[in-house]
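None of the values given here were measured: they were computed from a predicted structure.
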Amino acid sequence: MPLPAALLARLKRRGILQEGEEEEVIAESYDDDSKTTSTIRKQASNASGAPGCPNKWNPFHSCVEFCYDYWREGTPENRLPVEYNRRRLRMLKKYPLPNGWKEVYDPGVARHYYWSTETDEVSWLSPVHPKAIIGEAAPKLGRTVFEKIEYQKEIALAKIAQQEAAFLAGKRRRKPKSPSPSPSPEPQASDSDSSDGGGKGKDAEEIELSNFDKLKRAKRRGIDPMDPAAYGDCTTGKWSSGLDGRGEAKTGVDSTASGPLFQSRPYPAPGAILRKNAEMKK
Amino acid sequence: MSYMLPHLHNGWQVDQAILSEEDRVLVVRFGHDWDPSCMKMDECLFKIAEKVKNFAVMYLVDTTEVPDFNKMYELYDPCTVMFFFRNKHIMIDLGTGNNNKINWTMDDPQEMIDIIETIYRGARKGRGLVISPKDYSTKYKY
């Protein structure tokens, strides 16, 4: 959406907007400081990866340059085998799509899938089909997997850095102590005091530094600095993530809400409940 | 009068009944045929079944026979009536604070017809929440 002309002119006058630049560029200029953000941004810009990549269904696969170059646009829809189309249409005739579901063609996998515009769930078969498995899209799952791996990597790196720092600190501390204690007791005491104080100070500094690093890391990963994930060891998520909410009566809403919020929670459809019950039994 | 209305005997039947109804409101009564409050409700539903057959269809579900929905739909009242349209649960503001269902016995057939008609009109327009023609809150009683 282009900016209004008056605002555009004013922004240009203030030097916020360069000549001939679009507004999207402003948004991008916030985060071009590291590689990770650029990859995340790439993912965000094209959430489903390369259009022609046949590995899109795999949550452990994230598309790289090769996928774009090699697979290109994938199989065009008009070149699908006749047999496949016949079987697909027969299935659709037998199990017509419920309201809110759309058929989408995926050129990479060369198959149609069904997408619920309301819940953003997908299914390879018509959702009414008895064998249909309705779930989240693979790229979506892939992003969480990717985030988890990144997080583990960062923790490992931080641990190594901490160990190194501790090792170096130990070396430095040992050095002044290694010369034999001076004959008079008084200076020794003062020496040890000062060294202790210095060590504490350094430790505190280290912790501060690592906290600062964590915050920097959070900024890099685009996490709100007030989010406990920014400074603690927990992963990103909502307040409710990690809780076992499989048997909850309502979906996607805070079950502790009361008043008008409580009243505006529709129940899921019976089919959704049956599927959830089946999930619980697993 | 429960023997005059169709029963659904398992979760799959409930699901299919709701999925297969294209443009009629589904009125599902959850409860027990032997329950006095359900008996009254069933009688009311049976009385209007013929009149509203063009835009609504009634089903009875025994909550002991079909326990699948008890937890999710919070079915702990002796008699509960819920409304569905095109595989979607339709909420109705009855003024009671619970917009999800009618969990008392309604013995006036005309009131029930009005409610079902309101739901049908609202749901056809894509509303997920409709407002009942009559306020059923108890505040006027006291």
In short, A/Pro270 meets B/Phe84 closest at the heavy-atom pair CD-CE2, 3.8 Å

- Task: Mark yes when over 12 heavy atoms from residues, nucleotides or ligands other than A/Phe60 sit less than 6.0 Å from its CZ; otherwise mark no.
- Result: no

Below 4.5 Å, heavy atoms only, C-beta onward: do B/Asp68 and A/Leu274 meet side chain to side chain?
-> yes

Filtered by a 4.5 Å non-hydrogen cutoff, the part of residues 13-28 of chain B contacting chain A is B/Val14, B/Asp15, B/Ile18, B/Leu19

- prompt: Just wondering, are more than 12 heavy atoms of other shown residues or ligands nearer than 6.0 Å to CD1 in A/Ile133?
  reply: no

NZ of B/Lys71 to CG of A/Asn277, rounded to nearest 0.5 Å, is 8.5 Å

More than 12 foreign heavy atoms under 6.0 Å from CH2 of B/Trp12: is that the case here?
no

For A/His129, the ring-ring contact (aromatic ring centres under 6.0 Å, His included) test, sequence neighbours excluded, returns A/Tyr95

Closest non-hydrogen atoms of B/His89 and A/Tyr267, given as atom of the first, atom of the second and distance, are ND1-N, 2.9 Å

For residues 102-123 of chain B against chain A, heavy atoms under 4.5 Å, the residues are none

More than 12 non-hydrogen atoms from neighbouring residues, nucleotides or ligands closer than 6.0 Å to CD1 on A/Ile155, yes or no?
yes

Result block: side-chain N/O donor-acceptor pairs under 3.5 angstrom for residues 71-80 of chain A, not counting sequence neighbours:
unit_1, atom_1, unit_2, atom_2, d
A/Arg72, NE, A/Asp69, O, 2.9
A/Glu77, OE2, A/His112, NE2, 2.9

Greater than 12 external heavy atoms within 6.0 Å of A/Arg87's CZ: no

